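The model shown is predicted, which means the values in this text are computed figures rather than measured ones. Below, chain A is the first sequence line, B the second, and so on; all start at residue 1.
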Amino acid sequence: VSPLWKVRAATSADRTLLTSFDCVGTGAVWEREVQDFIQRHLLDWAFDPHAQDGDPRLLLVLTTAAGELVAVGAHERVILADAVSGERLAATKIEVVAVAKAWQGNASTPGSLGERARGRATW
Amino acid sequence: MSEVLVWPVVRREEIVRAFSPGTAPAKESPFRALRAKRWATAGVSVPRRRAGRLAGQLVVYSSLNVDAARLVRHGDTDAGRRAAEAAETVEAGALFLRVCDLLQRLTAEQQQAAVDGQLPAGGTTVDLEAALWSLAEEIAAHRAAADLPHPDDRFAGHVSERRADSVVISAQDGTRTAAPLWMVRAAHRDQVGDRVVLVSVRLDDHQALMQAVPGIDIPAQRSAEPDQGAAFSPFGRTERRTLEVTPSDLDALRGVPEPLRVLVPVTIDR
């Protein structure tokens with residue numbers, strides 16, 4: 001049984017794919033802000049030559065069969081700081097995680113993700 | 001930057017609380033004493049409705065009355081008189097009457113909550129909110145014009161952390177203080193992001209009372225100065241605030257991090 005989806009790192013060729021990503025469910029302002037960032041800025045964020053020290057990662061979840069973009073996730077290394085004491089802490093910061101509207105609330109069906117994986121994923 | 005101002009309208013109880021801390025706020029005599037000396041205004045009556053019928057009235061006062069009461073309590077009766085006169089001017093103005101008119105459209109419970117600093121949820125009171133912003137600005141301008149001092153220590157900011165029994169309030173300059181959760185809850189300001197003003201009332205060298213007063217944040221586009229808060233975005237690398245954490249966040253994050261893992265389902269051939 002083939003897995004339903006796959007995860008891969010984004011490339012600069014994924015701009016069109018990201019531009020059409022639709023994750024606005026309820027229409028709330030913050031949902032539109034997330035979608036706008038993914039559609040217009042996320043690829044530039046991931047490949048910004050001045051930000052490579054933070055090792056930014058942009059991951060795409062796609063369906064195996066049709067290559068449909070299911071979800072997007074991005075993270076990078078940052079230094080967090082207490083604004084008052086100035087104490088610093090190295091951390092990995094999640095920049096964004098979003099699930100395509102068509103997949104929101106869906107659970108993987110037995111046999112597709114794989115009963116053998118004994119996992120159940122809900123987006 | 002935007003400014004946290006005190007909620008611009010109050011009920012009589014708040015004036016009594018400011019004039020006579022520790023006494024029952026529903027008590028009549030402290031307010032009568034203020035009125036007799038013209039250190040408080042008469043307020044503006046707003047009809048209350050229950051089930052479409054008139055059900056008494058709610059008297060709404062400008063928050064300048066609270067300033068007046070505090071000043072008088074501290075013995076600065078001249079400034080107290082100036083504050084009361086400013087309150088009278090404000091309450092006779094078009095903006096205050098507009099607020100009262102908008103309050104009339106609410107239910108009795110909503111009216112009282114709105115005067116106490118809590119607008120009904122759901123965005124149905126956009127006009128009232130805008131009028132209250134304008135009124136808060138007008139009151140601030142009157143305070144400045146009348147050269148009214150703040151006799152009590154004040155700490156204005158927003159709730160930045162909520163703990164089991166307390167909240168942390170952060171001012172715009174980065175200073176922070178804690179307040180009991182029950183106290184800010186009474187002022188309808190117990191959620192992260194809520195604007196609140198803490199007033200410390202010194203009783204003597206050994207005692208003080210603290211009071212939480214609902215705050216109102218003047219939106220950036222209404223401020224004379226551009227507000228960084230309005231342009232805040234959690235995305236990108238230009239916003240310094242996305243990398244700022246609290247001490248308790250640091251405690252929670254400290255330690256050896258787990259490697260980030262992405263679980264990928266794989267096919268196992270038999």
Undergrad: Could you state the interatomic distance from CD (B:Gln211) to OG (B:Ser200), rounded to the nearest 0.5 Å?
TA: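 Result: 10.5 Å between the selected atoms.
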Undergrad: So which residue, A:Arg57, A:Arg88, A:Glu33, ends up with the most heavy-atom pairs under 4.5 Å with chain B?
TA: A:Glu33
Undergrad: Using distance alone, with no hydrogens and no angle criterion, decide if B:Thr246 and B:Asp249 have a side-chain donor and acceptor under 3.5 Å apart.
TA: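 Yes, because at least one side-chain N or O of B:Thr246 sits under 3.5 Å from a partner of the opposite role on B:Asp249.
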Undergrad: Can you tell me which portion of A:Ile79 sits under 4.5 Å from chain B's heavy atoms? Options are side chain, backbone, both or neither.
TA: backbone
Undergrad: Using only atom types and a distance under 3.5 Å, with no angle test, would you say the side chain of A:Trp45 pairs donor to acceptor with the backbone of B:Arg237?
TA: no
Undergrad: If I measure from the heavy atoms of chain A, does B:Ser170 come under 4.5 Å with its side chain, its backbone, both, or neither?
TA: neither
Undergrad: Do B:Val168 and B:Arg163 have side chains that approach each other closer than 4.5 Å (heavy atoms only, starting at C-beta)?
TA: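 Sidechains of B:Arg163 and B:Val168: in contact.
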